[in-house]
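Just so it is clear, the model here is predicted, and its values are computed rather than measured. In what follows, chains are A, B, ... by sequence order, proteins preceding strands, each numbered from 1.
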Protein chains: 2
Amino acid sequence: MSRTPLHPTREQIELPMVLDCLSDPIRLAIVYQLAQQERVSSELRCGDFSGLGAKSNLAYHFAKLRECGLMQTRVAGTNRFMRLRREDLDVRFPGLLDAVIKSAAKDAERLQLVVGCDVVEAD
Amino acid sequence: MSRTPLHPTREQIELPMVLDCLSDPIRLAIVYQLAQQERVSSELRCGDFSGLGAKSNLAYHFAKLRECGLMQTRVAGTNRFMRLRREDLDVRFPGLLDAVIKSAAKDAERLQLVVGCDVVEAD
DNA sequence: CCAATAGTTCAATAATCATTGAACATAAGG
DNA sequence: CCTTATGTTCAATGATTATTGAACTATTGG
């Protein structure tokens, strides 16, 4: 198992791959959740998405999101912390990520997105 | 053959379907070309895209673009004239289409897009 | 060392997708 | 009417895709 998964450089990020990645409802939900977290800590663990499906399926989608350059994974012990590659994407495709997030937010209900109203996790 | 193909209503347009449609290089090229034509006549015939592949394959992609609500087809004699559903998309997902077009323009070379510098068709 | 936790990888499945050429439908023009 | 031009539909193909559960890896904590 590689310590830190491979990510494309900023310049290697390709538009069709990004759009394809965002076209899957589960991946869109992941990105949306990460975008909401940006206001707070900007990072989430894989486990925080368990509501979206089985672990192995999520790992598959995480890999896709990494490969296309949408998010970055940082390994810390037995956890993986992931965040949006906001700056890279904004430089590469200005306005795109925001437009997608806003569009998703407009359809939050239809897309069954978790509305993160200043998420306070029970502990 | 149906006279005028079915199109979804504005409200029926769904984000994942739109993104998936735009994630295919050929369809992205079609949309890009239609967007450039907006400055001029706003409509193009199917045949104007012959550079992008075989006729039957293009018909397949046209159908996808229609079904997801990205474009509209108007039948006129033996021709089909198509245009972007710009207004519907801008109302439904503000800023999304523009962001995608601009992103595509930035990568025009990489995406092998036809750069329409005030296209003057030979006749 | 052992057990529990967090994720990934693998193999198998069913479903969808893009592409092709041939056949078809429709309308225009001689 | 016959031919030509413009697109669509159909059937077949090979390639991806999402999903699942089981096996595996690695780290933490007792």
[X]: side chain to side chain contact (heavy atoms under 4.5 Å, CB included) partners, not counting sequence neighbours:
X: A:Gln72; result: A:His7, A:Arg83, A:Arg85
X: A:Asp90; result: A:Arg86, A:Leu97
X: A:Ala63; result: A:Arg66, A:Glu67
X: A:Glu11; result: A:Thr9, A:Arg92, B:Arg110

What does the list of N/O pairs under 3.5 Å between the protein and nucleotides 3-6 of chain C look like, with a distance for each?
from  : atom 1 : to      : atom 2 : distance (Å)
C:dA6 : O4'    : A:Thr78 : O      : 3.3
C:dA6 : O4'    : A:Thr78 : OG1    : 2.5
C:dA6 : O3'    : A:Thr78 : O      : 3.3
C:dA6 : O3'    : A:Asn79 : OD1    : 3.1

C:dG7 OP1/OP2 closer than 4.0 Å to side-chain N/O of A:Arg66 =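 No, A:Arg66 has no side-chain N/O under 4.0 Å of OP1/OP2 on C:dG7.
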Rounded to the nearest Å, what distance is computed from the [atom1] atom of residue [X] to the [atom2] atom of nucleotide [N]?
X: A:Leu65; N: C:dT8; atom1: CG; atom2: C1'; result: 15 Å
X: A:Ile30; N: C:dG7; atom1: CD1; atom2: C1'; result: 13 Å
X: A:Phe49; N: C:dT8; atom1: CZ; atom2: P; result: 11 Å
X: B:Arg74; N: D:dG7; atom1: CZ; atom2: C1'; result: 15 Å
X: A:Lys64; N: C:dT9; atom1: NZ; atom2: C1'; result: 16 Å
X: B:Phe81; N: D:dA5; atom1: CZ; atom2: P; result: 17 Å

request  = Provide the full list of ring pair (Phe, Tyr, Trp, His ring centres under 6.0 Å) pairs with a residue in residues 39-59 of chain A, sequence neighbours left out, each pair given once.
outcome  =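 Qualifying pairs, neighbours excluded: A:Phe49-A:Phe62.
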message = I'd like to check the ring pair (Phe, Tyr, Trp, His ring centres under 6.0 Å) partners of B:Phe81; sequence neighbours left out, ordered by chain and number.
response =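 Once residues adjacent in sequence are excluded, B:Phe81 has no partner under the ring pair (Phe, Tyr, Trp, His ring centres under 6.0 Å) criterion.
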Residue from A:Arg80, A:Arg74, A:Gln37, A:Glu38 passing side-chain contact (heavy atoms from CB on, under 4.5 Å) with A:Glu43 =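 Only one of A:Arg80, A:Arg74, A:Gln37, A:Glu38 forms a side-chain contact (heavy atoms from CB on, under 4.5 Å) with A:Glu43, namely A:Arg74.
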Which atom pairs, one a donor and one an acceptor, fall under 3.5 Å between side chains of residues 15-24 of chain B and the rest of the protein, sequence neighbours left out?
from    : atom 1 : to      : atom 2 : distance (Å)
B:Ser23 : OG     : B:Asp20 : O      : 2.7
B:Asp24 : OD1    : B:Ile26 : N      : 2.9
B:Asp24 : OD1    : B:Arg27 : N      : 3.2

What nitrogen or oxygen pairs link the protein and nucleotides 19-22 of chain D at under 3.5 Å?
from   : atom 1 : to      : atom 2 : distance (Å)
D:dT19 : OP2    : A:Asn57 : ND2    : 3.1
D:dT19 : OP2    : A:His61 : NE2    : 2.7
D:dT19 : O5'    : A:Asn57 : ND2    : 3.4
D:dG21 : N7     : A:Ser56 : OG     : 3.2
D:dG21 : O6     : A:Ser56 : OG     : 3.2

